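Accompanying notes for the structure given below.
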Amino acid sequence: MTTQIPQNFVQAIAKERGVTDAELETVFMALDGQATATIATKLGISDIAVRKRLGEVYKKFQIGGNGPGKLSELRHQLLFLHQTEYGQGDFSPRGKGTLSKIGIGQQHEDWGEAPDVSVFYGRTEELTTLSQWILSDKCRLVALLGLAGSGKTTLSVQLAKQIQNEFDFVIWRSVRSPLPAEEFVANLIQVFANQQKPYIPADFSGKVLRLVEYLRKHRCLLIWDDFESVLNAGELAGHYRDDCAGYRELILRLSEVNHRSCLVLISSEEPTELTLLAGEKVRSLKPAVSEEIAREIFHEKGLSARDQEWKELLARYGGNLLAFKIVAATVSEFFEGNVAKFLEATGLFIEENIGTLLAQQFDRLSSDEADVAYWLAVAQSPVSLAQLREDLLVKPPLSDLVKNLDSLSRRSLIEKINEGKETTFVLQPLIVKYVADFLADRIRDEVLEAIKTQGIEGMQLLKSHRLSAGAAKFPGGKENQSFKILGLVKNRLQILFLKTTGSELPLNTLTQIASELKDKSLLEVGYAGENLANIIAELKGG
């Protein structure tokens, strides 16, 4: 190391960090590859004293962890600092501090694929909070979390525009189609190098260290959108894909290591480590439901609504601003601008674009999470942990049920409601409709399979989920018949039966199957007998 970088440079850097002469003498010997025992002998001190001196140096260079990797990280830091201040392979200064002066009167902005936000409404409180966290409290990581369509990305762009003058670098990136973490970090280093050819270490840890050094030298604002793309689908929320595991180390390092910059992370799914990191320098925010923004969206279309109509719109669509944009266009184009007519005619309207976003969210669930979501879609009104477990045909350990509810919460799919001493859970409004429709389609297919085979072998959800477990209601207590799973199944089957010659034949077959299940135990057929009886009653009732 000392053959690559002059001792006087290392001495100058060490003095800036408060390294003593004794510590510096020890670290020079360690950097030359001398073993701890050898250093102890030469200096006439104990092995413990050598390790203590080195430990103090690591602290002053803000290097954590255990083992020999700390010495390697110190080498990386010194090499980076020298190449920053001087040329690569040239020990004569070419303008000391050249890189550190980038951004002084020459701010660097790289907006990547950030959307254009020419019109922005409301969010005053959120913008104030986020600005304080980043500028005053100097948070190293701020996470914006929430369901797709809730306006997280738009909020991040507006935030960056408001505070960009406080930073030397503003870099916005989407990780929707994620690069390997090593390549992602290398690309960021290229941006910081300001068109110079930077030194990029071969190993990932070295790359992250170099990135951290840039974040220490400059006040940088990094915004990473679509972060859920690096997380794994089909298991509990927040776990990284095998090919994206490096992003976890990257998040941990940028959160824990001291630097001058801030990373804003935008995701519909909360990484597991955020809960552990949360504190003074790591915080998260979910944009609140905003009636102000919804009203502005409608106002742009020349629409207005009464207070009661707004109450129902907000109950249906919550904080999903994309839904409000699509609903406003629909009311304008197909309902002559009459919000009351739209509400009366449509139940909960989900346009194809919103449905695609919700499908992407739902497809990420584990099978156990999906089962819990089905139960919540059946109930639709808030359900306590105890009641939910009671309804389940096979009672899982309470800890497993809590993990699944927590995972659904980290995906922003459910709301936790504190009612006195009891916490209850309910699906987000748009998710209720999506899951109810999905569940009704599955139930319809199982009923048709039972009629075709005249047996119950193909039944899964009809056995495992009791379809009459809850009454579908909008907030405020108004029952919504169009949300009831049994009603949705009835509508789907009626349409098919009417197309069948002799439409009573499928119903007769279904009645015969149900009668054969009457004497079967819950253990044998689950909720199938009760469910078929209720479906038949719905169909006969017209």
Side-chain angles (χ1 to χ4, degrees), residues 101-176 188 191-192 194 211 214-228 251 254-255 259-268 270 274 278-297 299-300 319-322 324-325 412:
K101 291 178 182 176
I102 293 175
I104 299 176
Q106 187 187 347
Q107 184 190 50
H108 186 101
E109 299 174 22
D110 185 338
W111 291 94
E113 299 174 4
D116 177 34
V117 181
S118 53
V119 179
F120 187 84
Y121 311 119
R123 298 293 189 206
T124 303
E125 185 175 340
E126 282 96 336
L127 286 168
T128 300
T129 297
L130 292 167
S131 296
Q132 180 179 326
W133 287 356
I134 295 171
L135 301 179
S136 301
D137 301 342
K138 301 192 184 311
C139 285
R140 292 190 283 265
L141 186 149
V142 170
L144 281 175
L145 306 171
L147 198 61
S150 60
K152 305 182 302 296
T153 298
T154 302
L155 176 60
S156 75
V157 174
Q158 184 68 14
L159 170 69
K161 285 184 175 181
Q162 285 194 6
I163 64 176
Q164 62 182 346
N165 291 334
E166 302 293 327
F167 294 90
D168 303 325
F169 284 83
V170 177
I171 304 174
W172 198 99
R173 289 289 182 269
S174 169
V175 291
R176 185 181 295 112
L188 289 175
V191 174
F192 284 118
N194 196 35
L211 174 62
Y214 279 114
L215 300 183
R216 283 173 175 159
K217 275 189 165 290
H218 307 288
R219 187 85 164 107
C220 309
L221 180 64
L222 306 178
I223 305 106
W224 298 348
D225 197 7
D226 305 304
F227 197 74
E228 68 278 355
I251 293 300
L254 297 190
S255 300
H259 56 77
R260 303 170 55 200
S261 302
C262 180
L263 166 63
V264 177
L265 205 64
I266 308 164
S267 182
S268 62
E270 181 182 359
L274 281 192
E280 183 183 356
K281 298 298 180 183
V282 177
R283 301 176 191 174
S284 61
L285 180 143
K286 290 187 178 183
V289 174
S290 176
E291 182 176 344
E292 177 187 1
I293 299 176
R295 284 182 180 271
E296 288 289 349
I297 290 170
H299 181 71
E300 266 199 341
N320 197 294
L321 302 180
L322 175 61
F324 275 105
K325 290 178 182 178
S412 302

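These numbers were taken from a predicted model, which means no experiment stands behind them. Values below: every heavy atom of this structure, side chains too, minus hydrogens, waters and symmetry copies.
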Distance check, rounded to the nearest 0.5 Å: [X] atom [atom1] versus [Y] atom [atom2]?
{"X": "Thr154", "Y": "Leu144", "atom1": "OG1", "atom2": "CG", "result": "11.0 Å"}
{"X": "Leu265", "Y": "Ile223", "atom1": "CG", "atom2": "CD1", "result": "11.0 Å"}
{"X": "Leu211", "Y": "Leu254", "atom1": "CG", "atom2": "CG", "result": "5.5 Å"}
{"X": "Cys220", "Y": "Leu188", "atom1": "SG", "atom2": "CG", "result": "10.0 Å"}

Please report the closest heavy-atom contact between [X] and [Y], naming both atoms and the distance.
{"X": "Arg176", "Y": "Glu113", "answer": "NH1-OE1, 4.1 Å"}
{"X": "Ser255", "Y": "Val282", "answer": "CB-CG2, 3.8 Å"}
{"X": "Cys139", "Y": "Val142", "answer": "CB-CG2, 3.9 Å"}
{"X": "Ile297", "Y": "Leu321", "answer": "CD1-O, 3.9 Å"}
{"X": "Gly146", "Y": "Ser412", "answer": "CA-OG, 3.3 Å"}
{"X": "Gln162", "Y": "Leu127", "answer": "NE2-CD1, 3.5 Å"}

Any side-chain heavy atom of Phe324 sitting closer than 4.5 Å to one from Ile293? no
Does any N or O in the side chain of [X] come within less than 3.5 Å of the main-chain N or O of [Y], such that one atom is a donor and the other an acceptor?
{"X": "Glu126", "Y": "Ala288", "answer": "yes"}
{"X": "Asp168", "Y": "His108", "answer": "no"}
{"X": "Ser150", "Y": "Leu147", "answer": "yes"}
{"X": "Ser267", "Y": "Glu228", "answer": "yes"}

May I have the step-by-step check of salt bridge (Lys or Arg N to Asp or Glu O under 4.0 Å) for Lys152 and Asp225, ending in yes or no? CA-CA 9 Å; Lys152 305 182 302 296; Asp225 197 7; over 6 Å; no
Ile266 and its side-chain contact (heavy atoms from CB on, under 4.5 Å) partner, picked from Thr153, Asp226, Val157, Leu155: Thr153
Candidates Phe192, Trp224, Trp111 - the one meeting side-chain contact (heavy atoms from CB on, under 4.5 Å) with Ile171: Phe192
Going by salt bridge (charged side-chain N to carboxylate O under 4.0 Å, His left out), name the pairs with one or both residues in residues 137-151, residues two or more places apart or in two chains. Asp137-Arg283
When you look at CD of Glu109, are more than 12 heavy atoms from neighbouring residues, nucleotides or ligands closer to it than 6.0 Å? yes
